[in-house]
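Quantities reported herein were computed from a predicted structural model and do not represent experimental measurements.
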Number of protein chains: 2
Amino acid sequence: MEKTSRDPAMTDVARLAGVSHQTVSRVLNNHPNVREQTRLRVKAAIKELDYRPNRAARALVTGKTQLIGVVAQNSTLYGPASLLSAFEEAAGEAGFAVSVGRVKVLDRDSIAAAVERHRDQRVAGIVVIAPNSSAADALADVPAGVPLVTVDGDPDRPTPLVTVDQATGAFDATKHLLDAGHETVWHVSGPADWFDAAGRVEGWRAALDAASAEVPPVVAADWSAASGYRAGQMLARMPEVTAVFCSNDHLALGVLRAMSERGRRVPHDVSVVGFDDVPEAAYFIPPLTTVRPDFAAVARETLGLLLEQVSDGETTRPQRTVAPKLVKRDSVAPPPR
Amino acid sequence: MEKTSRDPAMTDVARLAGVSHQTVSRVLNNHPNVREQTRLRVKAAIKELDYRPNRAARALVTGKTQLIGVVAQNSTLYGPASLLSAFEEAAGEAGFAVSVGRVKVLDRDSIAAAVERHRDQRVAGIVVIAPNSSAADALADVPAGVPLVTVDGDPDRPTPLVTVDQATGAFDATKHLLDAGHETVWHVSGPADWFDAAGRVEGWRAALDAASAEVPPVVAADWSAASGYRAGQMLARMPEVTAVFCSNDHLALGVLRAMSERGRRVPHDVSVVGFDDVPEAAYFIPPLTTVRPDFAAVARETLGLLLEQVSDGETTRPQRTVAPKLVKRDSVAPPPR
DNA sequence: CGACCTGGTGTTATCGCTAACATCACCGGC
DNA sequence: GCCGGTGATGTTAGCGATAACACCAGGTCG
């Protein structure tokens, strides 16, 4: 009778292949000094036993894991969710597991706690999706020595960082509205402490300046359709408003509804542009012209930057940006005359 | 000179506290037979050194990890994304790390591969978000012995399963429309091979049957606003359609746009109900009446079921459902007369 | 009052791997 | 023809925890 068979270990493979366990280890780690014939015999034994190396044992002796920790907010905002999903996929393809530490709010304590949990697990590196300034502040507490990359974080901080090029996207969106003939473009902004929002404000303003257009006051909102609606109610009442650039698609949705309620037709009376290109943006009323960030590219850059740090300890070019793309649909037209 | 100081280990704590490493281990694991005074001394030493136990070492000797693997599709559909986020939070609170294995498509091979990757990591248990039948089939390949819970999976399979009670939610939504005075209710359904969609069809039909209302043909769509729009274009042309229950909010959004384009006003001419309660549903035109699932509850039940299996090997009540709730807004009114 | 339990602690073995060193056969060069 | 290098492999020693058992003091009980 067998005992309740435990998983095969390296020694089992070694016995079956007639070699020492060390040779098995060498085959597994692709060391050069193994005879081809031996290598094949070991591989056959591995297959026969369905052997899988014990990561805990390996981690114990090497002091390294194949785990990447991600700290993200517990939200279903489209941008962060897409980014996370793309990152998990990229990391998986590179042979890393991803452990996600969700955080309810992006304040200093929560982030610090999440980072600590990851350090407990001895992750190889940490990615923080830190889109606002409180999150960025929390990173000051992270001890050096842990490879760390920030996504959507503070561009003015020297830590390794990957972001979408918000300013360029916003510039293009605003310029597109100006090119259609609008005198100026109003802006409904995301929360002021989010870097994404700040970058978009900056790009919007740059486009207006470049065209010597008047710069109207920023209409502040959070990211929600609700706040977009409130902003829209105000803008709809002002006849001089003919073009609105919204910091994300959900805000744009709220603006569209407010315009519709007041009888101002989009795009005939008012043009609207969003940001993010959520999947349903093409089915808003009317289909929304918006700016699409390339989340997969952000994920790839992030992983690359992190692995560079893991292996080299240093990194060559610590900040990278990814250009977004304007997607033209039906919510932009020339102003009424 | 110190060497590049490695992390403190249990023996370092033991030395500082003047006990053996085994006593430190006992304190860490809350064994009863430790004198209070000793316990305090050890805790002080732990704190002083900022000691953190090495999970790899523990995993090696116990054969267990504190990791839960999740297999999920690489999509940003609101339901699955919310669920995943809620689960990560619940697991984190229970002291488990969550490793997410994203899969591009929910076919047999991809799911099997993701499950294998998790088994390589020696996860304590696996959660599969398996909302359609191809995913459910793939689970047949998973070797027994790995604690496994399915979410949104096949209700007819005897594996441990947690789902939202789709049928009840759909029943309530449909009944709400009938109670408003509509003769019957049309249904725009999600993909037929998704259990969520199937359950909603079932509940819709049950409500019609209970009211002896005529059962119109199901309008099949996928989950996208695009397909809802196409379905809506058809329905908008049929004057006898006065009430539509959509299998999710994005479908409803598409239907709203199609109705609007044809000049059929919601809710005056046509009433519409969705499912999911996405955050922006309250800002559709008009604000959408919909059904809200409790994702946090699903996450808690899932974790509970999984941990039950991990500790007992068996589980008492292998299937659990969570009741959703109807959220009334402005997209439902009595039919025009 | 000695046998026996029991609570508190230490000692030793072990988990499955990799690093470092040891070994051995074989090679070429002076 | 011996010496040192080199390629292929084996042996040994940990990594940092838990498990199992040993041990010892003190109290209980017949």
Side-chain angles (χ1 to χ4, degrees), chain A residues 3-43 45-46 49-67 95 119-124, chain B residues 3-43 45-46 49-67 95 97 119-124 311:
Chain A
K3 313 190 74 165
T4 19
S5 57
R6 90 190 137 67
D7 292 340
M10 204 172 256
T11 50
D12 301 315
V13 175
R15 200 175 316 118
L16 181 59
V19 297
S20 76
H21 69 273
Q22 181 59 18
T23 298
V24 176
S25 171
R26 285 196 262 259
V27 170
L28 247 37
N29 294 288
N30 291 313
H31 275 252
N33 296 351
V34 179
R35 222 178 353 153
E36 194 52 29
Q37 183 195 336
T38 313
R39 185 184 302 277
L40 290 175
R41 234 177 335 134
V42 169
K43 285 198 167 162
I46 288 175
L49 295 178
D50 187 26
Y51 165 75
R52 50 192 76 204
N54 185 318
R55 305 218 179 204
R58 174 180 290 168
L60 178 57
V61 65
T62 59
K64 301 256 159 210
T65 57
Q66 292 281 101
L67 239 195
R119 300 220 308 143
D120 271 3
Q121 302 222 31
R122 304 250 192 319
V123 295
Chain B
K3 316 191 69 166
T4 19
S5 57
R6 92 189 135 67
D7 293 340
M10 203 171 256
T11 49
D12 300 316
V13 176
R15 198 176 317 117
L16 181 61
V19 297
S20 76
H21 70 273
Q22 180 59 19
T23 298
V24 177
S25 170
R26 288 192 182 97
V27 170
L28 247 38
N29 294 287
N30 292 314
H31 275 251
N33 296 351
V34 179
R35 227 183 345 157
E36 194 53 27
Q37 184 193 336
T38 314
R39 185 183 302 277
L40 292 175
R41 228 168 349 124
V42 170
K43 285 199 166 163
I46 287 174
L49 296 179
D50 186 27
Y51 164 75
R52 52 192 75 205
N54 185 319
R55 305 217 180 205
R58 175 179 289 170
L60 179 57
V61 67
T62 59
K64 301 255 159 209
T65 57
Q66 292 281 102
L67 240 195
R119 300 221 307 146
D120 271 3
Q121 306 238 0
R122 301 233 184 347
V123 296
S311 50

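- The NE2 atom of A:His21 sits 9.0 Å away from atom CZ of A:Arg26, with the distance rounded to the nearest 0.5 Å.
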Summarise how protein sits on nucleotides 11-18 of chain D as a single string, 5' to 3': B when a protein heavy atom is under 4.0 Å from the base, S for sugar-phosphate-only contact, - for no contact. BB-BBBSB
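- Taking atom CD of residue A:Glu36 and atom C1' of nucleotide D:dG7, one finds them 14 Å apart after rounding to whole Å.
- B:Ala45 approaches B:Ala17 most closely through the heavy-atom pair CB-CB, 4.0 Å.
- Put simply, OG1 on A:Thr23 and CZ on A:Arg41 are 9.5 Å apart, with the number rounded to the nearest 0.5 Å.
- Interatomic distance, CG of B:Leu60 versus OG1 of B:Thr65, reported as 12.5 Å (0.5 Å rounding).
- If you walk DNA chain C from 5' to 3' and mark each nucleotide with an atom closer than 4.0 Å to a heavy atom of chain A, the marks span C:dG16 to C:dA20.
- Between A:Arg52 atom CZ and A:Asp7 atom CG the span is 8.0 Å, to the nearest 0.5 Å.
- By the 4.5 Å heavy-atom criterion applied to side chains, B:Tyr51 and B:Leu16 are not counted as neighbours.
- Once rounded to the nearest 0.5 Å, the distance linking CG of B:Leu28 with CZ of B:Arg39 reads 10.5 Å.
- At its two ends the helix from C:dC1-D:dG30 to C:dC30-D:dG1 runs along axes set 50° apart, each axis drawn from five pairs and the angle rounded to 10°.
- Rounded to an integer number of Å, the gap from CZ of B:Arg35 to P of D:dG26 is 12 Å.
- A:Asn54 contributes atom CG, which lies 10.5 Å from atom CG of B:Asp120 (distance to the nearest 0.5 angstrom).
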